[in-house]
Amino acid sequence: MSETYNPGQIEPAIQKAWADQAAHRADDGSEDGRERFYCLSMFPYPSGKLHMGHMRNYTICDVISRYQMMCGRRVLQPMGWDAFGLPAENAAMANGVPPAKWTRDNIAHMRGQLKALGFAIDWERELATCDPEYYRWNQWFFLRLLKRGIAYKKTGVVNWDPVDQSVLANEQVVDGRGWRSGALVEKREIPMYYLRITDYADELLESLDELDGWPERVRTMQANWIGRSAGAEISFACRDQTIKVFTTRPDTLMGATYMAIAAEHPLARLAADNNPELRDFLIECQKGGVSEADIATQEKLGMDTGFKAIHPLTGEELPVWVANYVLMGYGEGAIMAVPGHDERDFEFALKYHLPIPQVVSLPEGRAYDDRQWHEDYKAKDGTLINSGAYNGLNCADGAEAVVADLEARDAGRKRIQYRLRDWGISRQRYWGCPIPIIHCEHCGEVPVPEQDLPVMLPEDLVPDGAGNPLGRHEAFVNTVCPTCGGPARRETDTMDTFVDSSWYFLRFTCPDNDQAMVDAETNRWMPVDQYIGGIEHAILHLLYARFWTKLMRDEGLITFDEPFARLLTQGMVLAETYYRKDDAGRTTWFNPADVDVERNEKGQVTRAVLASDGTEVTPGGIEKMAKSKNNGVDPKALVDHYGADTVRLFSMFAAPPEQSLEWSEAGVEGAWRFLRRLWTGVQDHIAGGLPGQVDPGGLDDESRELRRLLHETIVKVGDDFGRRYTFNTAIAAMMEFCNHLNRFGAATDGRRALCQEAWEGIVRLIAPVTPHIAEKLWQDLGHSDSVFEAGWPQVDKTALVRQAVTIVVQVNGKVRGRIEAAPGSGREDIESAALADENVVRFVAGKTIRKVIVVPDKLVNVVAN
RNA sequence: GCCGGGGUGGCGGAACUGGUAGACGCGCCGGACUCAAAAUCCGGUUCUGGUAACAGAGUGGGGGUUCGAUUCCCCCCCCCGGCACCA
């Protein structure tokens with residue numbers, strides 16, 4: 001009798017053996033010619049507990065890492081902590097614990113959870129962004145950027161909570177109010193440091209084409225985010241000033257009927273000086289948050305300033321309006337409005353009764369109606385009308401002509417404009433990397449000298465929600481000016497946490513170097529061969545990391561242009577939700593682990609009840625695992641119950657990695673059953689003693705068939721692990737093969753030798769997914785080395801040869817039969833065999849055969865009517 | 001509002017380059033084992049009609065291209081991610 005599968009015993013023992021042998025150390029100092037492979041997951045924010053999204057992310061990463069190890073590569077799989085950020089401050093406010101302690105406790109806890117999952121992580125390279133040894137290099141590099149002029153200071157608009165006297169994150173603005181104070185949020189301009197990412201817009205856009213290991217959708221999103229548009233800059237005189245605008249449609253300049261400027265535009269403020277109504281309107285415009293989604297969905301409001309701008313070609317006077325849909329942060333903070341051919345301008349002009357002339361002809365059959373917008377109005381394929389000298393030109397030629405005339409009058413020129421804006425990195429928050437600047441009354445803003453870095457963040461403060469506690473920390477704030485030696489104050493803003501995450505992947509290559517930010521090892525490991533993380537990072541994090549890489553290249557610190565060769569964006573982890581409403585209308589959410597479902601004889605769910613008392617609860621649909629819906633499933637509890645291998649197997653089997661994954665306890669049971677069958681299969685096999693080598697030439701038909709399936713499975717799984725990253729279909733293929741193998745009678749020595757080859761094959765194939773059980777079974781199958789050193793199984797091409805193929809026979813596209821044929825049979829042979837098929841004869845009876853389509857080795861379609 | 005993605009049995013999903021729709025797993029139904037239950041093993045399981053053989057329908061909805069469409073094109077509906085201070 002074989003011992004039963006007991007992951008609770010096997011997994012800790014195997015993990016200990018790996019740790020004792022330092023099996024996952026990426027660099028043992030030897031140079032053995034192995035190719036390097038850097039496999040990286042987006043590092044976690046240490047929120048407290050590992051959740052299923054983490055578990056899925058790191059399992060994908062581990063499967064790829066271990067597969068690459070088995071293919072003979074030297075693999076680096078590191079782990080670190082994105083440790084600065086807002087949640088630590090919120091937790092601090094709630095519990096009175098300093099963010100530093102809360103964060104470090106969380107890291108310790110989550111590290112333990114990660115280790116229990118058996119990932120092949122090189123823990124010697126672990127880092128946390130809140131460590132001064134890490135963030136000192138943020139500061140060091142920021143100062144270099146400042147010297148180069150890439151970092152600079154200007155004002156920016158933020159959400160301001162007038163009660164808490166605090167800057168709020170967009171997330172902290174709920175329905176236009178501060179989430180703690182409930183006060184109406186206002187926009188406020190404050191000075192901040194920016195990085196000139198717009199200087200790199202062209203390169204960031206153009207090198208997207210080279211990122212052929214990235215999903216198309218991510219490249220498209222980044223390209224649209226950068227948003228390069230060719231157009232013209234046009235100056236309109238207004239009083240003694242000029243209003244500069246950018247337009248992509250200079251051809252429609254003759255259709256401009258008004259100017260629209262942002263509420264923060266200097267001219268708007270000027271106009272408000274002796275216009276109380278306008279002043280009130282500008283105050284009104286300050287209400288609400290700064291997020292683009294809010295601004296784009298709010299009602300379009302405007303007010304005439306009374307100022308007139310001069311049309312640069314006609315000399316006509318255009319009214320200047322303040323409009324809340326024009327933003328100071330975009331372009332010039334002003335636009336020329338062409339309501340006939342721009343939807344937002346049209347809507348605004350209609351509302352405020354401004355003229356809406358047509359200046360571009362429309363397609364045949366489309367009549368122009370200045371009361372009803374139509375998509376055709378914005379098309380660029382008509383010719384110019386009502387445009388004086390430009391009448392009759394097509395839009396492209398019209399644009400050229402208009403710009404040429406503007407240039408002649410020094411009132412405009414061609415320009416490329418980006419949607420991308422410079423990256424504001426100042427945060428008015430405590431738990432982040434201090435910006436290394438000293439404010440001196442005499443010397444102004446003075447960079448902290450390099451030898452004084454890092455500027456250490458005091459770790460014992462507890463924020464209270466009212467501003468930044470650093471500002472009240474006298475020991476931190478008060479310092480001396482490095483230039484004049486006089487009393488001075490430190491900058492209390494900290495850096496955006498996206499700065500921390502823009503280069504951590506470089507630091508993993510040399511985490512202990514206290515002399516330099518990166519070194520020669522960085523160029524040897526980089527770029528990351530495979531990066532894995534959530535699709536929600538498709539734009540911001542990935543764009544900033546690409547930008548930062550180019551900045552470091554231009555500082556001469558690294559030699560490559562792009563950080564991530566191949567990118568996999570994993571889907572979210574979802575689970576069913578269950579709730580109950582009480583008489584007061586309050587909703588209580590119940591965890592799926594506490595709910596039983598009842599089904600009818602077709603398997604459809606009829607009722608859900610609470611396991612504890614049998615009372616009914618309502619299914620609320622499938623949603624992202626979240627605290628608010630109480631539908632999170634704790635990976636720890638599952639690992640304790642089933643073992644890490646089962647949880648890993650299910651999460652890789654239930655869905656392809658890019659799609660969302662619906663958690664299912666029953667599905668986990670299925671994975672558990674499969675591993676137990678695998679275990680029992682191997683144990684039953686070895687109970688008969690270990691057989692000798694298989695003789696491929698001496699196999700009976702059934703054995704040859706099984707061996708063909710084995711080698712087809714090896715090909716399929718290698719392709720799925722190495723190229724397609726469809727782990728679900730790889731696992732399905734392994735399950736399918738195991739089903740065959742378990743049914744295969746091992747009556748003879750020859751067959752037992754084949755079974756040995758088959759079990760060894762399947763154990764090696766599944767090792768990347770379920771490393772513990774694979775390691776144990778590999779030993780049981782008679783090996784003293786690690787299954788990961790044994791390597792990926794070799795394909796025997798002769799085993800793949802088929803004796804016959806099945807060809808599908810269709811009549812008019814419907815399957816009517818199947819014929820067997822030798823592989824590579826000729827068209828005529830297949831056609832005559834198909835036409836002789838009795839079902840084909842029956843379905844073409846009384847009809848004329850029009851044509852016969854033959855796809856060799858696959859399909860025949862007889863077309864008849 | 002703008003940008004991007006998705007929709008296939010009761011459920012998760014498969015079908016990779018336009019060529020057998022539903023692999024694999026879950027659930028459900030039936031059987032074996034058992035005093036019984038659990039576990040395990042065996043068989044069945046898209047829907048409709050039919051005892052069955054078989055026939056018809058079918059990949060969110062509508063239209064198109066093609067011998068052939070889940071796959072390509074057009075229109076529409078619904079769901080999800082991002083929108084620059086959540087990470």
Side-chain angles (χ1 to χ4, degrees), chain A residues 42 44-45 47 82 85-87 90 156 158-159 167-173 215-218 220-221 223-225 227 289-298 325 329 343-344 419-421 423-424 426-429 496-498 501 534-541 543-544 569 571-572 574 597 599-605 621 623-624 650 653-656 658-671 673-674 676-677 680 719-720 723-724 726 728-729 731-736 739 806-810 812-815 818 850-853 855 858-859 861-864:
Chain A
M42 289 180 187
Y45 178 80
S47 55
D82 188 12
L86 200 53
N90 294 334
V158 294
N159 303 306
V167 175
L168 298 180
N170 284 336
E171 189 192 50
Q172 297 173 310
V173 179
E216 194 57 47
R217 59 172 162 160
V218 176
T220 307
M221 279 191 268
N224 290 341
W225 184 264
V290 298
S291 92
E292 190 188 284
D294 287 347
I295 289 162
T297 49
Q298 76 192 355
Y325 68 95
E343 188 169 3
R344 288 193 309 183
R419 206 189 77 96
L420 183 69
R421 315 195 299 256
W423 174 14
S426 296
R427 296 292 179 269
Q428 298 68 45
R429 273 184 239 299
D496 181 5
T497 56
F498 276 124
S501 56
I535 182 68
E536 67 274 18
H537 297 292
I539 296 174
L540 291 179
H541 161 61
L543 190 66
Y544 291 145
T569 50
M572 293 181 307
L574 317 176
V597 294
R599 294 167 190 271
N600 63 16
E601 73 285 352
K602 283 187 169 178
Q604 289 157 304
V605 173
E623 305 223 30
K624 181 178 178 172
F650 172 73
F653 176 60
E658 309 239 38
Q659 275 178 43
S660 57
L661 180 155
E662 194 179 312
W663 200 262
S664 144
E665 180 86 24
V668 179
E669 284 280 350
R673 278 200 285 268
F674 172 70
R676 204 162 35 177
R677 277 199 299 272
T680 326
D719 188 44
D720 283 353
R723 179 183 65 93
R724 293 217 305 154
T726 48
N728 56 327
T729 55
I731 293 164
M734 290 188 253
M735 287 174 166
E736 210 171 344
N739 289 342
T806 304
I807 294 172
V808 167
V809 181
Q810 298 182 330
N812 291 333
K814 284 190 197 277
V815 179
R818 285 177 175 79
R850 298 293 171 192
K851 77 169 118 157
V852 179
I853 286 142
V855 182
K858 267 201 171 157
L859 170 138
N861 190 13
V862 180
V863 184

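Lettering follows sequence order; numbering is per chain, from 1. Just so it is clear, the model here is predicted, and its values are computed rather than measured.
Judged purely by atom type and a 3.5 angstrom limit, A:N224 has no side-chain atom pairing as donor or acceptor with the backbone of A:G227. Between the side chain of A:Q659 and the backbone N or O of A:P656 there is no donor-acceptor pair closer than 3.5 Å. Side-chain N or O atoms of A:N159 include one that pairs as donor or acceptor with a backbone N or O of A:V290 at under 3.5 Å. A donor-acceptor pair is defined here as one N or O able to donate and one able to accept, closer than 3.5 Å; no such pair exists between the side chain of A:D496 and the backbone of A:R427. Side chain of A:R419 to backbone of A:W225: a donor-acceptor contact under 3.5 angstrom is found.
The phosphate of B:C67 has OP1 or OP2 within less than 4.0 Å of a side-chain N or O from A:K851. Checking the phosphate oxygens (OP1, OP2) of B:U20, no side-chain nitrogen or oxygen of A:Q810 falls inside 4.0 Å. Put simply, A:R724 has a side-chain N or O that comes within less than 4.0 Å of OP1 or OP2 on B:A15. For B:G81, neither phosphate oxygen OP1 nor OP2 lies less than 4.0 angstrom from any side-chain nitrogen or oxygen of A:K624. The phosphate of B:C83 has neither OP1 nor OP2 within less than 4.0 Å of any side-chain N or O from A:N224. Not one side-chain nitrogen or oxygen of A:N739 sits closer than 4.0 Å to the OP1 or OP2 atom of B:C24. For the pair A:R676 and B:A39, the criterion of a side-chain N or O lying under 4.0 Å from OP1 or OP2 is not met. Taking only side-chain nitrogens and oxygens, A:R677 never comes nearer than 4.0 Å to OP1 or OP2 of B:C24. Here A:R673 reaches the OP1 or OP2 of B:C26: one of its side-chain N or O atoms lies under 4.0 Å away. Not one side-chain nitrogen or oxygen of A:Q604 sits closer than 4.0 Å to the OP1 or OP2 atom of B:C29. Phosphate proximity of B:A14 to A:N728: present, with a side-chain N or O under 4.0 Å from OP1 or OP2. Distances shown here put a side-chain N or O of A:T497 below 4.0 Å from the OP1 or OP2 atom of B:A87.
Here the side chain of A:Q659 is nearest to one of B:G13, B:A21, B:C83, namely B:G13. The side chain of A:M572 approaches B:G81 more closely than any other nucleotide in the set B:A57, B:G81, B:U20.
Among the atoms of the strands shown, base atoms are found under 4.0 Å from some heavy atom of A:H537. Among the protein residues, A:S426 comes within range of the nucleic acid bases, having at least one heavy atom under 4.0 Å from a base atom. A:V158 comes within 4.0 angstrom of a base, heavy atoms only. Residue A:S47 is out of contact with every strand shown, counting any heavy-atom pair closer than 4.0 Å. A:L420 comes within 4.0 angstrom of a base, heavy atoms only. Contact annotation for A:N600: backbone-only contact, meaning every heavy-atom pair under 4.0 Å involves sugar-phosphate atoms and none involves a base. A:M42 comes within contact range of no nucleotide atom at all, as no heavy-atom separation falls under 4.0 Å. As judged by a 4.0 angstrom heavy-atom cut-off over every strand, A:W423 is placed among residues making no nucleic acid contact. Within 4.0 Å (heavy atoms only), A:S291 reaches sugar-phosphate atoms of the nucleic acid but no base atom. Residue-level contact check: A:A538 touches neither bases nor backbone, having no heavy atom under 4.0 Å from any strand. Using a 4.0 Å heavy-atom criterion, one finds that A:E292 contacts the bases of the nucleic acid, with or without backbone contacts as well. If you check every strand for non-hydrogen atoms under 4.0 Å, A:F498 touches a base. Looking at heavy-atom distances under 4.0 Å, A:F653 makes contact with a base. Residue contacts for A:V863: at a heavy-atom cut-off of 4.0 Å it reaches the sugar-phosphate backbone alone, with no base atom in range.
In this structure, A:F650 and A:W663 have perpendicular ring planes: the angle between them is above 60°, well past the 30° mark.
Atom CG of A:L86 is separated from atom P of B:A84 by 15 Å (rounded to the nearest Å). Rounding to whole angstrom units, CD1 of residue A:I535 and C1' of B:G6 are separated by 12 Å. Look at CG on A:L543: it is 14 Å from C1' on B:C3, rounded to the nearest Å. Put simply, CG on A:L661 is 8 Å from P on B:G13, counting in whole angstrom units. One interatomic measurement links the two molecules: CE of A:M735 to C1' of B:G13, which rounds to 12 Å at whole-angstrom precision. Note: CE (A:M221) to P (B:G5) measures 7 Å, nearest angstrom. What separates CD1 of A:I853 from C1' of B:U20 is a distance of 16 Å, to the nearest Å. A:W663 has its CH2 atom 14 Å from the P atom of B:G13, to the nearest Å.
B:C83 and B:U8 have their C1' atoms separated by 31 Å, with the value rounded to a whole Å. On the P atoms, B:G7 is 11 Å away from B:U71, given to the nearest whole Å. Spacing of C1' atoms, B:A32 relative to B:A39, comes out at 14 Å, to the nearest Å. Here, B:C73 and B:U65 have their C1' atoms 7 Å apart, quoted to the whole Å. Only the P atoms considered, B:C42 is 26 Å distant from B:A15, to the nearest whole Å.
Donor-acceptor pairing under 3.5 Å is lacking for the side chains of A:D82 and A:S501.
Within the shown strands, B:U46 is the pairing partner of B:A57 under the Watson-Crick or G-U definition, both distances less than 3.5 Å. Pairing for B:G1 goes to B:C83, judged as Watson-Crick or G-U wobble with the two contacts each under 3.5 Å.
With hydrogens and angles ignored, a donor-acceptor pair under 3.5 angstrom links the side chain of A:R723 to the base of B:C16.
The pair A:E536-A:K624 does not count as a salt bridge, with every side-chain nitrogen at least 4.0 angstrom from each carboxylate oxygen.
Base orientation at B:G22 is anti, since its O4'-C1' glycosidic dihedral falls outside 90° of 0.
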